[in-house]
Peer 1: 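After the structure tokens below, expect a handful of questions from me.
Reminder, nothing fancy here: chain letters follow the sequence lines and each chain counts from 1.
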2 protein chains.
Amino acid sequence: MNTPLPLDITLTDRKDGVTITEWVYAVLRHAVMCGQILPGRSLTLRELAKVLGVSPMPIREALKKLSSEHALEVKENRRIIVPTMTAMKFNELCETRITLETHAAIRALPYINSTILERLESIDKDIDIARDKDDMESTITHNHAFHRLLYTANPHQVSLHLIESLWLQLGPFLRLSTERIKENYTIDRHQEALQAIRHKDALALQLAISSDIREGFAFIGTPEILHHFIQESAKY
Amino acid sequence: MNTPLPLDITLTDRKDGVTITEWVYAVLRHAVMCGQILPGRSLTLRELAKVLGVSPMPIREALKKLSSEHALEVKENRRIIVPTMTAMKFNELCETRITLETHAAIRALPYINSTILERLESIDKDIDIARDKDDMESTITHNHAFHRLLYTANPHQVSLHLIESLWLQLGPFLRLSTERIKENYTIDRHQEALQAIRHKDALALQLAISSDIREGFAFIGTPEILHHFIQESAKY
DNA sequence: TTTTGTTTTTTGTGATCACAAAATGCAAAC
DNA sequence: GTTTGCATTTTGTGATCACAAAAAACAAAA
């Protein structure tokens, strides 16, 4: 049998007016997004209910919601697991991210005013601070916030939830990159993106975003390293 | 108050091994996809439970799943409705469809063999037959099957469920096009797509798919007509 | 040691109920 | 006619329970 592995999940406070289901969803989503649960780990209603201190019902709804966003996977036996990964699927996810996010960025460009630009610059500073402190969880969160703010500048935008679904599917592998992210001295392309926004240069923005995404997964290095990561995660 | 409008939904048989929730989901999804429920219509657990002859529980799960795919919308008061539409949002949905589906088609192209090609040709014939019989529901279903088969030729494909989410969001407006689809003598671009596939011509395929999608909504004609449609649906 | 068959436990599904919040219906007042 | 206030009904949420299927644990046989 597999080791139980005690499920180290970041619990937040439940705000007023938030239903239990919504809170459970947010907690589990954050855990997946930040790679706190390894691929292949199976999740049961009663175990999570115990860990989060609620009845199985809200867990059920939250797990189902995450499953339909492909953050989790319902297997044939109805067991719910964090999806496993293949090198080809990983590549598809990255390429789809690039296609969808450059699309969203370009269509948001006309709506970006000075207020939004300032907030983007502010978030970019937060990312640098978090990275300097080697705070992985915070770096990921702020990085997502940067992209999210950019795309939602378009008030008619419909693609964010598609994009977030891709983030969720790649999430479990962000943890595996923790060790390598330092040695590789990864730097993002947000400065180039901001510059492109200031000049209202759609082509430059497209280039910046696609480079940002592609280089963000450069820690993978070679297909061999990715394959090693996948094998590693499959042990549990 | 609004008229109750008796909810005319196509009920199918429930196969063995399919859970009640899955069956309810399939039925409601098909209803939304084919525009059998008008935008703005609010759906309640107990009403649907009565119509489908099941307990409220599976309805609850199915509605939640459809909501997280943006096929339905959970309002602030927790009431679940078929989403309303704006002209700008409609446009965004179409453009996102084009971006995502051309991406999926191009990445599927290397995997299309003669077997798949034959099945695509077969489905295309089905579409023509259904259209000749003015069978709207069947035309829509076969058209989706054509696109779905094309994209899933790529075994590593991850974008289909994103694409289907867009189909679901546009679904409620397919019914509104029923009257106009005949007079406009709409024809699809599937022949061009098949030709491009035979020649392994990615650029031609991209053009065929994007034209197919764009012209598929040409019945909208002008923003004024779309606006009229939206106003019309808002009455209920 | 490995395999096979049987028992026990745990699992998700779905039904039912209690409850607070929201929607509705209806009457009195302007 | 229109608005305002209150009583009634209906709503989704979440807890609890029964149940069949799957998983796990264990025992007997090779």
Peer 1: Heavy atoms under 4.0 Å is the rule here; annotate nucleotides 9-22 of chain D 5' to 3' with B where the base is hit, S where only the sugar-phosphate is, and - elsewhere.
Peer 2: --BBBBBB-----S

Peer 1: Which atoms form the tightest heavy-atom contact between Q36(A) and I9(A), and what is the distance?
Peer 2: OE1-CA, 3.6 Å

Peer 1: Would you say W167(B) and E101(B) are linked by a side-chain donor-acceptor pair, where the criterion is simply a distance under 3.5 Å?
Peer 2: yes

Peer 1: S122(B) side chain to E118(B) main-chain N or O, any donor-acceptor pair under 3.5 Å?
Peer 2: no

Peer 1: What is the distance, to the nearest angstrom, from the NZ atom on K75(B) to the C1' atom on dA21(C)?
Peer 2: 17 Å

Peer 1: Nearest 0.5 angstrom please: H161(A) NE2 to H70(B) NE2, how far?
Peer 2: 4.5 Å

Peer 1: Between Q157(A) and A104(A), is there a donor-acceptor pair closer than 3.5 Å when you use the side chain of the first and the backbone of the second?
Peer 2: no

